[in-house]
Amino acid sequence: MSIVTTQSIPENTQASNEELRPRYLESLTLVERLHRRLLDVIKDEFERLGRAEVNSVQALLLYNIGDSELTAGELRTRGHYLGSNVSYNLKKLVDAGYILHQRSDMDRRSVRVSLTEKGHDIAKKVEDLYARHILSIEEIGGISLEEFDVLNRSLVKLERFWTDQIRYRL
C-alpha cells in the first residue's frame, strides 16, 4: 500500500483538493451541528408542551421505533445510534413505561422492543412537530423541493462514501 503525498498528486488535482477541503470540512460541521439543532428543536417543543418527562434523544428514539418491533441492534443500524446510548435510553424508556421489551424465544440474548400507548403519544408529538415544519419549510425556511432532492442525494452519497471507507478500509 502506498501513501499518497501532495508531491505525487498532479497540480490541477491539488488545486481542486484545496478548493474541496473547506467545503468538505464545512459540511462535516453542518451535519454535526444540524443533528444537535434538531435535538434542541425537539427539546423546545416538549418544554412548550409541558412534556419534559423524556429528553430529546429519547423522543427521537421513540419516533424512530414508531409502529415497528425492533432489536437494539436494528435501532443502532437504522437510527445510527451509539450502542451504549441506545441501551441506556431503552432501559430508561422501559422503566418509565414508554417501551415494551420482550426476549426472543429463538435467541434469549435478543430483546425486541415496541412502543406502549404512552410511547406512541410521544412519537406522535414528534410527528406533529415535523408536520408543522413541512407546512412552512419552503415558504419560511426558503428550501424548495428540488433543493431537498439535491441535499438528500448528496447526503446519501456521503454516507455511502463513509460506509465504503469503513467496509473496504480505504
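Results of the side chain to side chain contact (heavy atoms under 4.5 Å, CB included) test with Ser56 over Leu61, Val41, Ile42 single out Ile42 as the only residue that passes.
If you take CG on Leu115 and CG on Leu100, they are separated by 8.5 Å, rounding to the nearest 0.5 Å. Here Glu69 contributes atom CD and Glu74 contributes atom CD; the two are 9.0 Å apart, rounded to the nearest 0.5 Å. The distance from atom NE2 of His120 to atom CD1 of Ile65, rounded to the nearest 0.5 Å, is 9.5 Å. To the nearest 0.5 Å, atom CG of residue Leu30 and atom CG of residue Leu25 are 11.0 Å apart.
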Stepwise side chain to side chain contact (heavy atoms under 4.5 Å, CB included) check, His101 with Leu90: CA-CA 9 Å; His101 70 101; Leu90 283 178; over 6 Å; no
Leu93 vs Val113, side chain to side chain contact (heavy atoms under 4.5 Å, CB included): CA-CA, chis, key distance, verdict: CA-CA 10 Å; Leu93 291 167; Val113 297; over 6 Å; no
Asp149 and Arg153: CA distance, side-chain angles, deciding distance, salt bridge (charged side-chain N to carboxylate O under 4.0 Å, His left out) verdict: CA-CA 6 Å; Asp149 288 341; Arg153 279 194 307 271; 5.0 Å; no
Test side-chain hydrogen bond (donor to acceptor under 3.5 Å, both in side chains) applied to Gln58 and Tyr98, step by step: CA-CA 10 Å; Gln58 292 167 342; Tyr98 294 98; over 6 Å; no
Glu45 and Asp128: CA distance, side-chain angles, deciding distance, side chain to side chain contact (heavy atoms under 4.5 Å, CB included) verdict: CA-CA 10 Å; Glu45 178 71 5; Asp128 292 346; over 6 Å; no
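Atom CZ of Arg37 has 12 or fewer neighbouring heavy atoms from other residues, nucleotides or ligands inside a 6.0 Å radius. Counting heavy atoms of neighbouring residues, nucleotides and ligands inside a 6.0 Å radius, atom CD of Glu47 exceeds 12 of them. With a 6.0 Å radius and a threshold of 12 heavy atoms from other residues, nucleotides or ligands, His133 has its NE2 atom above the threshold. Other residues, nucleotides and ligands place more than 12 heavy atoms under 6.0 Å from the CD atom of Gln165. Counting non-hydrogen atoms of other residues, nucleotides and ligands closer than 6.0 Å to NZ of Lys118 gives a total above 12.
The pair Arg36-Asp40 does not count as a salt bridge, with every side-chain nitrogen at least 4.0 angstrom from each carboxylate oxygen. A salt bridge links Lys91 to Asp95: one of the charged nitrogens lies within less than 4.0 Å of a carboxylate oxygen.
Across all non-hydrogen atoms, the minimal contact from Val54 to Ala59 is CG2-CB, 4.2 Å.
A donor-acceptor pair under 3.5 Å is absent between the side-chain atoms of Glu32 and the main chain of Thr29, judged by distance alone.
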